[in-house]
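First the structure, in the form of structure tokens, and then the observations on it.
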Amino acid sequence: MYIFILSLCIWKDHVWRGQRGRHMGTMSRSIVRQSKFRHVFGQAVKTDQTYDDIRVSKVTWDSSFCAVNPKFLAVIVESSGGGAFLVLLLSKVGRVDKNYPLVIGHSGPVLDIDWCPHNDNILASCSEDTTAMVWQIPDHTPSRPISEPIVVLEGHSKRVGIIKWHPTARNILLTAGSDNLIIIWNVGTGEPLITMDDHPDLIYNVSWNYNGSLFCTTCKDRRLRVCDPRKNEVVAERLSPHEGIRPMRAIFTKEGNIFTTGFTRMSQRELGLWDPTNFEEPIALLELDTSNGVLLPFYDPDTNIMYLSGKGDSSVRYFEITEEPPYVHYISTFSSKEPQRGMGFMPKRGVDVSKCEIARLYKLHERKCEPIMMTVPRKSDLFQDDLYPDTPGPEPALEPEEWMDRRDADPILVSMRDGYVPPKSRELKVAKKNVLDTRPATRRSMSAKLVEEIQNLKATVLSQEKRICDLENKLSKYTNGTV
């Protein structure tokens, strides 16, 4: 009997091992998938290619504190007597002079900045002083601080914490404030076009979709909303896509789905992928780790890769989003020793195609900014067509009037085959004075008035001199008896 029981146990163990082996084999086959981004490699640049001695802002706001484009790097910095940010040419690496001119103009701390996708010299900022400002940044290093914005946007009653340019329409800018309002502006006229008051509490983040017809928001009331701004209504919403009460983030993917980051009820960080036409069940839901840092998502629509940077983390995780299960595929993690205070994401136009670089992130430390290059190793030196499909270029697809007339258009694409060459600086022209601006005239406008008055006086003097000459000629003719 004992021998029979022992034999039965050995047989069961053999069968279980065989079944487990087949199961593990099936898992391994399902994990190994075909993708050209399975081996994306992250690498920090050398020490002499970083930006040092930058006093990064210590404001307790879940912003990235950094914005970058193919020409410039902008970082929100500590500043006494108001808000300021630093703008550097990308080529100006190394130690930043402590007297380097800042962009100043806000009377309160700057909370968010965003480069215009259609003009690499235009930057928008928002602040605790309840205003948003639009700035023209020169191609050369300024000799003194930049203090005069092109236009000041005043319409919020509390601090403005979110600012986003429209992806395809010229001069369309979105701001969201602690007054729970979302205002969409026409920067070219300085006027508000749309005001939405559908949020009962603090708005955490806003993200436009690929063609700018919709945007999604996350809010302190734990709801994820999809809004149609031109209808001025919420077209879809989901209560508690993540069960935790800590802040969420949401971002549209190119296919129209929404990628979210949040927390579980047990304070574990969590990722989600949702179909806004059916919010009942998530497409994918994935637990990550236990940490307090809010995960900031950065999305590349050309490769469908999502980069996640947590405030206070020392790592950047990245995932590929596909149409096949499990839909959100973990690729790898870039880790370094120091935690990040914020992160900037370079548009695809700014990457180096000769090094097979598919993304570049700018990691903010306490006193410096460190670029991180994401590359796909390739043996060939030829242009890799599969890594670089045509990408959104700087030309807008729509004018503000067309967008307001409910026209939609995808971004105008440009080729990356020969690398991207940024166009020359273009000036943003404001058609008329900001109707909300009641401040006294600036020094520049006063000097322009003085010049105009001087020119008018000169013209008057010349006309009077001519009249005097004519009268003198008549008088001489009369005295000589010729008249």
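Everything numeric in this text was worked out from a predicted model, so none of it was measured. These values consider heavy atoms only, across backbone and side chains, with no hydrogens, waters or symmetry-generated copies.
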Take Ile146 and Ile104, measure what side-chain contact (heavy atoms from CB on, under 4.5 Å) needs, and give me the verdict at the end. CA-CA 6 Å; Ile146 301 174; Ile104 57 175; over 6 Å; no
Evaluate side chain to side chain donor-acceptor pair (under 3.5 Å) for His329 paired with Thr322, printing each intermediate quantity in order. CA-CA 8 Å; His329 303 268; Thr322 66; 2.8 Å; yes
Let me see the working for Lys71 and Asp139 under salt bridge (charged side-chain N to carboxylate O under 4.0 Å, His left out), right down to the final yes or no. CA-CA 8 Å; Lys71 281 187 178 182; Asp139 285 331; 3.2 Å; yes
For a side-chain contact (heavy atoms from CB on, under 4.5 Å) check, start with the C-alpha distance between Val87 and Leu123, then their side-chain angles and the critical distance, and finish with the verdict. CA-CA 10 Å; Val87 178; Leu123 177 68; 4.2 Å; yes
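Within a 6.0 Å sphere centred on NZ of Lys220, other residues, nucleotides and ligands contribute 12 heavy atoms or fewer. Around the CG atom of Leu413, the shell of radius 6.0 Å holds more than 12 heavy atoms that belong to other residues, nucleotides or ligands.
Of all the heavy atoms in Asp275 and Asn257, the pair that sits closest is CA-OD1, 3.8 Å. Contact record, Trp185 with Pro192: CE3-N, 3.6 Å, taken as the closest heavy-atom pair. The nearest pair of heavy atoms linking Leu224 to Pro241 is CB-CG, 3.9 Å. Residues Gly293 and Phe263 share a closest heavy-atom pair of O-CZ, 3.7 Å.
Annotation: Phe72 is in aromatic contact with Trp115 [ring centroid separation under 6.0 Å]. Side-chain rings of Phe252 and Tyr210 stay apart, their centers remaining 6.0 Å or farther from each other.
Each of Gln340, Lys363, His365 was checked for a side chain to side chain donor-acceptor pair (under 3.5 Å) with Glu370, and the lone residue meeting it is His365. Among Arg159, His156, Lys158, Glu128, the single residue meeting the side chain to side chain donor-acceptor pair (under 3.5 Å) criterion with Ser178 is Arg159. For the side chain to side chain donor-acceptor pair (under 3.5 Å) with Asn304, the lone residue among Lys254, Glu255, Glu320 that qualifies is Glu255.
Residues satisfying the side-chain hydrogen bond (donor to acceptor under 3.5 Å, both in side chains) criterion with Trp274, sequence neighbours excluded, are Thr260. In this structure Arg222 satisfies the salt bridge (Lys or Arg N to Asp or Glu O under 4.0 Å) test with no other residue, sequence neighbours excluded. Applying the salt bridge (Lys or Arg N to Asp or Glu O under 4.0 Å) test to Asp302 and every residue at least two apart in sequence or in another chain returns Lys348. With sequence neighbours excluded, no residue forms a side-chain hydrogen bond (donor to acceptor under 3.5 Å, both in side chains) with Gln49. In this structure, the ring-ring contact (aromatic ring centres under 6.0 Å, His included) partners of Tyr318, at least two apart in sequence or on a different chain, are Tyr307. A search for side-chain hydrogen bond (donor to acceptor under 3.5 Å, both in side chains) contacts involving Asp313 returns Arg269, not counting sequence neighbours. Under the salt bridge (Lys or Arg N to Asp or Glu O under 4.0 Å) criterion, Arg341 pairs with no residue, sequence neighbours left out. Annotation: salt bridge (Lys or Arg N to Asp or Glu O under 4.0 Å) contacts of Arg238 (sequence neighbours excluded): none. Checked against side-chain hydrogen bond (donor to acceptor under 3.5 Å, both in side chains), Asp385 has the following partners two or more places apart in sequence or in another chain: Arg417.
Between the Trp135 side chain and the Ile150 main chain, no donor and acceptor come within less than 3.5 Å of each other. Checked by atom type and distance alone, the side chain of Thr175 never pairs as donor or acceptor with a backbone atom of Ile163 at under 3.5 Å. Between the side chain of Asp198 and the backbone N or O of Val234 there is no donor-acceptor pair closer than 3.5 Å. For Asn209 (side chain) and Leu214 (main-chain N/O), a donor-acceptor pair under 3.5 Å exists by modelled atom type. One N or O on the side chain of Asp129 and one on the backbone of Ser107 form a donor-acceptor pair closer than 3.5 Å. Under the 3.5 Å distance criterion, the side-chain polar atoms of Arg349 are left unmatched by any main-chain donor or acceptor of Pro70. The backbone N or O of Gly212 sits less than 3.5 Å from a side-chain atom of Trp403, completing a donor-acceptor pair. A donor-acceptor pair under 3.5 Å is formed between the side chain of Thr264 and the backbone N or O of Met266. Side-chain atoms of Glu338 do not come within 3.5 Å of backbone N or O of Ser336 as any donor-acceptor pair. No side-chain donor-acceptor contact under 3.5 Å links Ser314 to the backbone of Lys337.
With values rounded to the nearest 0.5 angstrom, Ile184 atom CD1 is found 15.0 Å from Glu191 atom CD. We find the CG-CG distance between Leu86 and Leu73 to be 7.5 Å, quoted to the nearest 0.5 Å. Atom CG in Leu296 sits 9.0 Å away from atom CG in Leu308 (nearest 0.5 Å).
Residues Trp208 and His166 are in side-chain contact: their nearest non-hydrogen atoms beyond the backbone lie under 4.5 Å apart. Side-chain contact between Leu295 and Leu288: present, with at least one pair of heavy atoms (C-beta onward) separated by less than 4.5 Å. With a 4.5 Å cut-off on side-chain heavy atoms, Met133 and Leu153 do not count as touching. Contact check for Tyr51 versus Lys368: no side-chain heavy atoms found under the 4.5 Å cut-off. Residues Val351 and Met416 are in side-chain contact: their nearest non-hydrogen atoms beyond the backbone lie under 4.5 Å apart. Taking 4.5 Å as the limit, some side-chain heavy atom of Arg249 sits within range of a side-chain heavy atom of Val294. The side-chain heavy atoms of Ile412 and Pro392, taken from C-beta on, include no pair separated by under 4.5 Å. Side-chain contact between Thr131 and His106 is present, with at least one heavy-atom pair separated by less than 4.5 Å.
Side chains of Ser213 and Asn211: a donor-acceptor N/O pair is present below 3.5 angstrom, by distance only.
Residue pairs that meet the side-chain hydrogen bond (donor to acceptor under 3.5 Å, both in side chains) test with at least one member in residues 74-84, sequence neighbours left out, do not exist here. Screening residues 86-102 for side-chain hydrogen bond (donor to acceptor under 3.5 Å, both in side chains) gives Asp53-Arg95 as the qualifying pairs, with residues at least two apart or on separate chains.
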For residues 54-68, please give each side-chain donor-acceptor pair under 3.5 Å, one per line with the distance, not counting sequence neighbours.
{"unit_1": "Ser57", "atom_1": "OG", "unit_2": "Val59", "atom_2": "N", "d": "3.2"}
{"unit_1": "Trp61", "atom_1": "NE1", "unit_2": "Gly161", "atom_2": "O", "d": "3.1"}
{"unit_1": "Ser63", "atom_1": "OG", "unit_2": "Phe65", "atom_2": "N", "d": "3.2"}
{"unit_1": "Ser63", "atom_1": "OG", "unit_2": "Leu111", "atom_2": "O", "d": "3.0"}
{"unit_1": "Ser63", "atom_1": "OG", "unit_2": "Asp112", "atom_2": "OD1", "d": "3.4"}
{"unit_1": "Ser64", "atom_1": "OG", "unit_2": "Cys66", "atom_2": "O", "d": "3.2"}

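The residues Asp386 and Arg378 are annotated as salt-bridged, a charged nitrogen and a carboxylate oxygen being separated by less than 4.0 angstrom.
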